[in-house]
S.K.: 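Got a structure here, written out as C-alpha cells. Questions coming.
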Number of protein chains: 2
Amino acid sequence: MREQVTMADVARVAGVSTATVSYVLSGKRPVAPATRAAVEAAIADLGFAVNTAARSLRTGRSSLVALIVPDIANPFFAQLAATLQEELRGLGMHVVVCNTRADREEERALLAEAVQQRFAGVVITPFRLLPKDLDTLSTAGIPTVVSADVPFGPVDLVTPDARAATRQALEGVTAARRRRIAMIAGPRDATGGDPRLELLRSLAPQFGTSLPGALVVRGEHTREAGAAGFAELMSRRYPPDAVFCANDVIAVGALGKAHELGIDVPGDVALVGHDDASFASLVRPRLTTIRYPAEDVGRAAAELLRERFEGRRVPKTVRVRAEFVARASV
Amino acid sequence: MREQVTMADVARVAGVSTATVSYVLSGKRPVAPATRAAVEAAIADLGFAVNTAARSLRTGRSSLVALIVPDIANPFFAQLAATLQEELRGLGMHVVVCNTRADREEERALLAEAVQQRFAGVVITPFRLLPKDLDTLSTAGIPTVVSADVPFGPVDLVTPDARAATRQALEGVTAARRRRIAMIAGPRDATGGDPRLELLRSLAPQFGTSLPGALVVRGEHTREAGAAGFAELMSRRYPPDAVFCANDVIAVGALGKAHELGIDVPGDVALVGHDDASFASLVRPRLTTIRYPAEDVGRAAAELLRERFEGRRVPKTVRVRAEFVARASV
DNA sequence: GTGAAAGCGCTAACAC
DNA sequence: GTGTTAGCGCTTTCAC
C-alpha cells in the first residue's frame with residue numbers, strides 16, 4: 001500500500017508551508033515566482049495529487065457531476081455521457097451516471113442524493129420531474145444544467161433549435177403529397193408535454209396539413225411503445241401516410257412493426273425520427289430524422305457548468321441547432 | 001443554503017454519542033435494540049445522510065467505482081454502465097464513467113487517477129493496457145474487476161464462455177456449405193491478441209474448415225474499420241464466403257460496405273458479429289451474432305466488487321455464457 | 001508574500 | 001453496550 005503523498009510532504013520538500021502549496025494550486029493569492037517554481041518542482045518530484053476527499057470535506061463541494069438521464073443505454077445519452085466526461089475531465093471533474101428509467105421517484109431520489117453528497121454540478125434530462133423538484137439543487141447552490149426541449153425553471157438550459165429542421169422535415173414529407181400526418185409521442189405525463197409534437201403542430205399549417213389529436217398516440221420512449229403505437233395508428237380506418245416519432249428509439253420500434261405487418265416504408269408510410277441516434281443510419285430503410293447532436297449538447301453543458309464554477313449567477317440558455325437528415329424513410 | 005445535518009445532530013437528538021450513530025450505520029459493533037431504534041428515528045426525522053467526503057477522508061476509501069472502457073458510446077458498454085450503476089446503487093456506490101478511446105495512455109492515466117482518488121473499485125475492459133499496468137491498483141488495494149476474453153493478471157475476471165456459441169456459429173455457417181471463412185479482427189497491438197479469433201481458429205477444423213492468416217484483416221473496433229476490412233477481404237482474388245467480426249460495431253460497418261459494393265448478405269457472404277449490441281437486430285439483414293450479455297457482465301462485476309468489499313482476498317473468475325443468435329445474415 | 005492553525009464530519013481505537 | 005477523542009488532508013482566516 002503506497003502511502004499517500006500529502007501537501008505537507010510537498011511543503012516540506014519545497015521549504016514552504018502547506019498554505020503556500022494550496023495557493024500555488026488554486027491561484028487564489030499571488031505567489032512569488034521562485035516559490036511557485038520550488039513548489040511545482042516538489043509536486044512533480046513526489047507525484048503529488050490532491051486528496052479530493054479532504055478538499056471536498058473542507059470546501060463542502062465534491063468534484064462529481066451527476067448526469068441524470070432516463071436511459072443511459074439510449075445511444076443519444078451514451079454519447080452525451082462520453083462527451084461530457086471528456087469535456088469535464090480537464091476541470092478535474094468526474095461524471096457519475098444515473099439512470100432514472102423515466103421514473104419520477106428515481107429522478108427525485110437521484111437529485112436528493114446529489115444534494116446530500118454535495119455534488120459539484122448536475123446535468124439532467126428531466127422526464128417526469130417537475131421544475132420545482134429542482135429547488136433543492138438551487139437551495140443547495142449546486143450548478144444545474146437542464147437538457148430539455150422547453151424551459152424548466154430558473155436554471156441553465158441546453159435546448160434544441162429545431163424550428164428550421166422541423167420545417168424541412170415537414171416539407172420533405174408533404175412534398176411527396178402526404179397529408180395524413182401522425183405522431184407517436186411520449187407519455188402524456190411527461191414533463192412539459194411533448195414539445196416536439198407542439199412544434200410540428202404549429203408548423204404543419206404552413207404545409208397545408210395538420211396533426212389532429214386522433215392521429216397522436218402516446219407511449220414510453222421504447223421500441224415496444226413505438227411498435228405498439230405504429231400498430232395502433234395503422235389499424236385506424238384512415239391510417240396516416242406519414243408518422244413522426246418523438247425519438248429514434250420509438251421510430252425504430254415502429255419500423256420493426258412495419259416490417260412485421262408488411263407495410264412498406266416509405267412506400268405506404270413515411271417515417272421520421274428525432275435525435276439521429278447511432279443506429280438511425282443502420283436500419284433499412286435508413287431512417288430520416290431530425291438530428292440533435294449529443295456532442296454539442298455535452299460541450300454546451302460542460303461550458304455552462306464551467307461558467308457557474310467560475311461565478312456566474314444568472315441563468316443562461318444555449319440553443320443547439322438541430323438538423324434535418326434526409327435519408328430513405330420518407 | 002440548507003445546512004448539512006451531521007452525525008452530531010443525530011447523536012444529540014437520539015441522546016447518544018456520534019460513535020453509536022456511526023455503529024448503527026455500519027453495524028460494525030452491536031447496538032442495543034432500543035438505542036438503535038432511537039438513532040434510526042432521529043436519522044429519519046432529521047433526514048440525515050452521511051457526508052461521504054468526511055467518510056472517505058477518514059477511511060481512505062471513496063464511494064466511487066470507475067468504469068473504464070474503450071468506448072462508452074458502444075451500446076454494449078453503455079448497457080454495462082447502466083447495469084453496473086443499478087447494481088452498485090444499493091451499496092451506496094457511484095459509477096464514474098471513463099472513456100479511453102482505446103488509447104493506452106488514456107487507460108493508464110485513468111488508472112492512475114483511480115489510485116490517486118482512492119476509488120473504491122475499478123471495472124475495466126483493457127484494450128491496449130498490459131496486465132502489469134494494473135499493479136498500481138493492487139498495490140493500492142483497490143478491488144479490480146477485469147472484463148475481458150482472457151485472464152489479465154491476478155485480479156477478478158468476468159469472461160465469456162463462448163465455446164458452445166462459437167461452435168454453433170461455425171455450424172450454422174458451414175451448414176450452408178461455406179468454407180472460405182474470414183475474420184475482421186481487432187488491432188494487432190490490442191491486449192491479449194484476439195481471443196475471439198483464436199477460439200474460432202481452434203474450433204474451425206471440427207467443421208472441416210480453417211481461418212488462414214491471409215483471410216484475417218485487422219483494425220480498430222469501429223464502423224470505419226469494419227467497412228475497410230470488408231472491402232479489403234472482398235477485393236481478394238478468392239474472397240471469403242463468410243466473415244466473422246470481432247464485435248458488432250465492426251460487423252455493422254462491414255454490412256454497410258456490402259450494401260455499397262452491391263454484395264448480397266447472406267447470399268454472397270455470410271456475416272457474423274459478436275456481442276449482440278442493441279442495433280444488431282435492427283440492421284437489414286438482421287445480424288447473426290454471438291451474444292455476450294452486458295447485463296450479466298454488469299451483475300457479475302458488481303457482485304465480485306461486493307465480495308471484495310466484504311473481505312475476499314483471492315482472485316475469482318466468473319464465466320458468463322455467450323449465446324448464438326441466429327438471425328438473417330448467415 | 002508567507003505562515004500558523006482551526007476545523008470540515010466522520011471512524012475507530014481505547015477506555016469504561 | 002456505549003462514550004471520548006484523535007486525526008484523516010485540505011482550505012482559508014488571521015496575523016505578520
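Here is the naming used below: chain letters follow the sequence lines, and residue numbers restart at 1 for every chain.
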S.K.: Provide, to the nearest angstrom, the distance between the CZ atom belonging to Arg118(B) and the P atom belonging to dC10(D).
M.R.: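 Roughly 11 Å, once rounded to whole Å.
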S.K.: Within this structure, what is the CZ-to-C1' distance between Arg55(B) and dA12(C), rounded to whole angstrom?
M.R.: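 Roughly 13 Å, once rounded to whole Å.
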S.K.: Is a salt bridge present between Glu107(A) and Arg128(A), judged by a nitrogen-to-oxygen distance below 4.0 Å?
M.R.: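 Result for this pair is no, no salt bridge flagged.
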S.K.: Should the pair Tyr292(A) and Phe76(A) be assigned to parallel (<30°), tilted (30 to 60°) or perpendicular (>60°) ring geometry?
M.R.: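 Tyr292(A) vs Phe76(A) ring planes: parallel.
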S.K.: Met7(B) CE to dG7(D) P: how many Å, rounded?
M.R.: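 Value for this atom pair: 20 Å.
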S.K.: Nearest whole Å is fine: how far is dG3(C) P from Arg12(A) CZ?
M.R.: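 In whole Å, dG3(C) P lies 14 Å from Arg12(A) CZ.
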S.K.: Would one find a side-chain N or O of Thr35(A) under 4.0 angstrom from OP1 or OP2 of dT2(C)?
M.R.: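 Yes.
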S.K.: Would you call Asp161(B)-Arg321(B) a salt bridge at under 4.0 Å N-O?
M.R.: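 Answer for the salt bridge query: yes.
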S.K.: Between dG9(D) atom P and Leu46(A) atom CG, what is the distance in whole Å?
M.R.: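 So the two atoms are 14 Å apart, to the nearest Å.
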S.K.: Quick one: is dC10(D) close enough that its OP1 or OP2 comes under 4.0 Å of any side-chain N or O from Ser22(A)?
M.R.: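 For Ser22(A), the contact criterion (side-chain N or O under 4.0 Å from OP1 or OP2 of dC10(D)) is not met.
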S.K.: How close or far is atom P of dA6(D) from atom CG of Leu57(A), stated in whole angstroms?
M.R.: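 The answer, rounded to whole Å, is 18 Å.
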S.K.: Considering just the side-chain nitrogens and oxygens of Lys28(A), establish if one lies under 4.0 Å of OP1 or OP2 belonging to dT11(D).
M.R.: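 For dT11(D), OP1/OP2 do not have a side-chain N/O of Lys28(A) under 4.0 Å.
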S.K.: Give the dot-bracket line for DNA chain D from 5' end to 3' end: parentheses for intra-strand Watson-Crick or G-U pairs under 3.5 Å, square brackets for crossings, | for inter-strand pairing, dots for unpaired.
M.R.: ||||||||||||||||
S.K.: If you pin Arg29(B) and Thr52(B) to their nearest nucleotides in DNA chain C, which one's is more 5'?
M.R.: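 Its nearest nucleotide lies further toward 5', so the answer is Thr52(B).
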S.K.: May I ask you to evaluate whether Ser17(B) reaches the phosphate of dG3(D), defined as a side-chain N or O under 4.0 Å from OP1 or OP2?
M.R.: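 True: Ser17(B) side-chain N/O within range (under 4.0 Å) of dG3(D) OP1/OP2.
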S.K.: Looking at every strand, decide which applies to Ala19(A) at a 4.0 Å heavy-atom threshold: base, sugar-phosphate, or nothing.
M.R.: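 If one applies the 4.0 Å heavy-atom cut-off, Ala19(A) turns out to touch a base.
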S.K.: When the aromatic ring centroids of Phe119(A) and His94(B) are compared, is their separation below 6.0 Å?
M.R.: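 Here the rings of His94(B) and Phe119(A) have centres that are less than 6.0 Å from each other.
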S.K.: Taking for each residue the nucleotide of DNA chain D with the nearest heavy atom, is it Arg58(B) or Val31(B) whose nucleotide lies nearer the 5' end?
M.R.: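 Nearest nucleotide further toward 5': that of Val31(B).
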S.K.: What is the distance, rounded to the nearest whole Å, between atom CG of Asn51(A) and atom C1' of dG9(D)?
M.R.: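 One finds 6 Å between C1' of dG9(D) and CG of Asn51(A), rounded.
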S.K.: Is the side chain of Thr59(A) donor-acceptor paired with the backbone N or O of Arg55(A) at a distance under 3.5 Å, no angle test?
M.R.: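 A pair under 3.5 Å: yes.
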S.K.: So which heavy atom on Leu130(A) is nearest to which on Arg104(A), and how close?
M.R.: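 Of all heavy-atom pairs spanning Leu130(A) and Arg104(A), the closest is CD1-NH2, 3.8 Å.
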S.K.: Give me the atom names and distance for the closest heavy-atom approach of Cys98(A) to Ala66(A).
M.R.: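 Looking at all heavy atoms of both residues, the shortest contact is SG-CB, 4.3 Å.
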S.K.: Expressed in angstrom and rounded to an integer, what is the separation of Tyr23(B) atom OH from dA15(C) atom P?
M.R.: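 In whole Å, dA15(C) P and Tyr23(B) OH are 14 Å from each other.
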